[in-house]
Amino acid sequence: MKRSPRLSIYAAACAALIVAAPARADWPASGRALCTQFGNQFLVMIAPDGSGGAIVAWGEFRFSSASTFSERVLRNGLVAPGWPVDGAQIGASNSYYAQGRGASDDAGGAYFAWGGDDLPSTHRVFLQHVTGAAGIVTGWPVDGLVVGNTTSIGSLPHVAPDGGGGVFVCWNDAPDLRIQRVRADGTSYPGWPAAGALITNVSGAYGLPYVIGDGNGGAIVAWTDSSGSGGGDVRAQRIDSGGLPASGWPADGVVVCAENGFQNVFQPIADGAGGAWLVWADDRNVATSGRDIYTQRITGSGAVATGWPVGGLVTCDAAGTQNQPRLVSDGSGGALVVWSDRRTAPDGDPFIQHLNSDGTPAAGWPTNGIAVCNGSGIEQLTLDSIVGDGVGGAIVVWSDARDSSTTARDVYAQRFDSGGSVHAGWASNGVALCTAAGDQVDVHCVSDGSGGAIVAWGDGRTGDPKNYDIYAIGVRSDGTTPALVALVGAEVAGDRVKLEWYAPERLPGGASIERRVGESPWTVIATATRDGLGYIRYEDFEIVGGARYGYRLGAAGAALTAETWVDVPLPSLSVVEAVAEPRGVVRVRFSLRSAGPARLQLFDVAGRCVRTDSPAGLGPGVHETRFPGGLSSGLYWLRLTQDGVSVRRKVLVSR
């Protein structure tokens, strides 16, 4: 008699408890396409929708000249109901287009500002108010509201909510800097000039102005001032709700940093106490340590915050060049700063630092910060590369060219805790959000309101450099990058766990089936392969009774699906299956509960034992044997006995 024992496999007669995580994975692998119209889509802008999703805008030449389009994507990865495929047009057709910024309207919609020209050689700053339902707010021009003129084709307007449902827009109108405040209905606030209010009365060369609301209907603006002989200084101005310099602030603004060399300031943030954090790249020590990162806190009255030195506090003065700093609040008066750093890599790596309210590194954070990613290749940041996680840490996103086998850039993200550690579940050097073919560039993000982020970018997966598209994806607080893969079933079926997923869209490269036992690390157990109908099926034979197994699909160390847990029951004494085969052979699969001696007996209807097997040393679990042929047709009874306990099953032989 031939036996085929299988160790560590258990009977289907015992029910299994299946626990599946809530289905939240609605994002396609490598991102949701927001626009795939032929031709280039470019210069991404993004704003939160107030419900965990995002409204994304971009420029494109769909109608032979530059227009602005937008699309809303929900937190679950679906395009919001009512929004058209490839986006809704929100701006005019122009021959020129300059990237701007987006801001929430605190009512489910968003404001977007950009540069364009509606007349030959006349450069304009446009603003549009988009609803969460794919419309343009009543009263706003369909091609966007002209808020000002500019002679600079690189005006790059910036926006910030005014705290009353309206918005501030600021821009470089060389040789002036201007700001405008617009109501939610598109009308001007009383006292504000039609061309925008002057931010400073100093005439000279300026960098881009950056704006935040001051919490009282006014705004704080920061910029680089190159009007003097020092190269470029950091200045700030507070504009009141009526468009004038706030009380106590000089008409030309306050000098925040006038050190030697050039200081290039970036987007400020509110400090939670009526003032602002400012950050800039600083050349004061360029001959010794290279370009460095400095920060400063100013009060609502324009003074340097108590304890802060005049000229700012060094945040990073490591060797090499540091540049392009960005800020986000930690929610407790401090801030997290991310920047591009060339101390060890000629192409630059992103670094991050957490600062207390007095500008000193927070506990657990080293001087000069921590590398967000030190992989090979270029890591590129944008103005929207960092968001707070709601608990004192932050998520950073970037475009990454680490893959030495190709020049393509991918989208990566990393989360740091408030204490300076990579958050549990996030991979070293970041989680891959999109590794599709071609370049993924111009990466922007907003918070999803639950510790994660919505990320959008320009995507070159078509392979045509003149046909970039717009994509987005969500990354959850635990670092998982959810994909559009649905769990169909997970069950214990005798000697195995049977798993099935449905994936209507292609999986990313390297997709795998992963398993863990209890709290052990995730391990890859098989390659995830879709069949012709989009199903992924796998049977796991390496199971042990009494253990709890978690399963998921993953790629590059990140999860593509939620976890599914299966409790495998302890083994029992049972006849799993008894099948009569041709020529009177009976195949039997049976489960033993111990390694003790056992006996299989086959009886005819007269009670005579016609076949016997005494399996020994097999151990607990499901095993298989065959009784030799020659049995006559008829009904038989199979009895399995072990440790004084017997179970029976009938067998019908038909020849």
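Any value given below was found using the heavy atoms of this structure, including those in side chains, with hydrogens, waters and symmetry copies removed.
- Among residues two or more places apart in sequence or in another chain, the side chain to side chain donor-acceptor pair (under 3.5 Å) test is passed with Tyr551 by Asp540.
- A ring pair (Phe, Tyr, Trp, His ring centres under 6.0 Å) check over residues 490-520, counting only residues at least two apart or in different chains, returns the pairs Tyr502-Tyr535.
- No donor-acceptor pair closer than 3.5 Å links the side chain of Arg72 to the backbone N or O of Gly82.
- Among residue pairs with one or both ends in residues 637-651, none qualify as salt bridge (charged side-chain N to carboxylate O under 4.0 Å, His left out); sequence neighbours excluded.
- Sorted by first then second residue, the salt bridge (charged side-chain N to carboxylate O under 4.0 Å, His left out) pairs that include residues 368-382, not counting sequence neighbours, number zero.
- Residues forming a side chain to side chain contact (heavy atoms under 4.5 Å, CB included) with Gln642 (at least two apart in sequence, or on another chain): Leu573, Leu592, Arg593, Ser594, Ala598.
- A donor-acceptor pair is defined here as one N or O able to donate and one able to accept, closer than 3.5 Å; no such pair exists between the side chain of Arg415 and the backbone of Asp478.
- Residues satisfying the side chain to side chain contact (heavy atoms under 4.5 Å, CB included) test with Ser520, not counting sequence neighbours, are Arg516, Val517.
- In this structure Asp469 satisfies the side chain to side chain contact (heavy atoms under 4.5 Å, CB included) test together with Thr36, Gln41, Thr462, Asn467, Tyr471, sequence neighbours excluded.
- With sequence neighbours excluded, no residue satisfies side chain to side chain donor-acceptor pair (under 3.5 Å) with Gln324.
- Remark: the backbone N or O of Ser51 is paired with a side-chain donor or acceptor of Asp49 at under 3.5 angstrom.
- Residues meeting the side chain to side chain contact (heavy atoms under 4.5 Å, CB included) test with Ala47, sequence neighbours left out: Ala110, Phe112.
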Could you pull out every donor-acceptor pair under 3.5 Å between side chains of residues 364-371 and any protein atom, sequence neighbours left out?
residue, atom, partner, partner atom, Å
Trp365, NE1, Ser418, O, 2.6
Asn368, OD1, Asp317, N, 2.9

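- For Asp531 and Arg537, the salt-bridge test passes: some basic side-chain N is under 4.0 Å from an acidic carboxylate O.
- Listed by first and then second residue, the salt bridge (charged side-chain N to carboxylate O under 4.0 Å, His left out) pairs that reach into residues 443-452 are Arg75-Asp448, sequence neighbours excluded.
- Evaluation of the salt bridge (charged side-chain N to carboxylate O under 4.0 Å, His left out) test over residues 27-36, restricted to residues two or more places apart or in two chains, returns none.
- Side-chain atoms of Asp417 and Ser421 include no donor-acceptor pair closer than 3.5 Å.
- Across Asn356 and Pro361, no two heavy atoms sit closer than the pair ND2-O, 3.3 Å.
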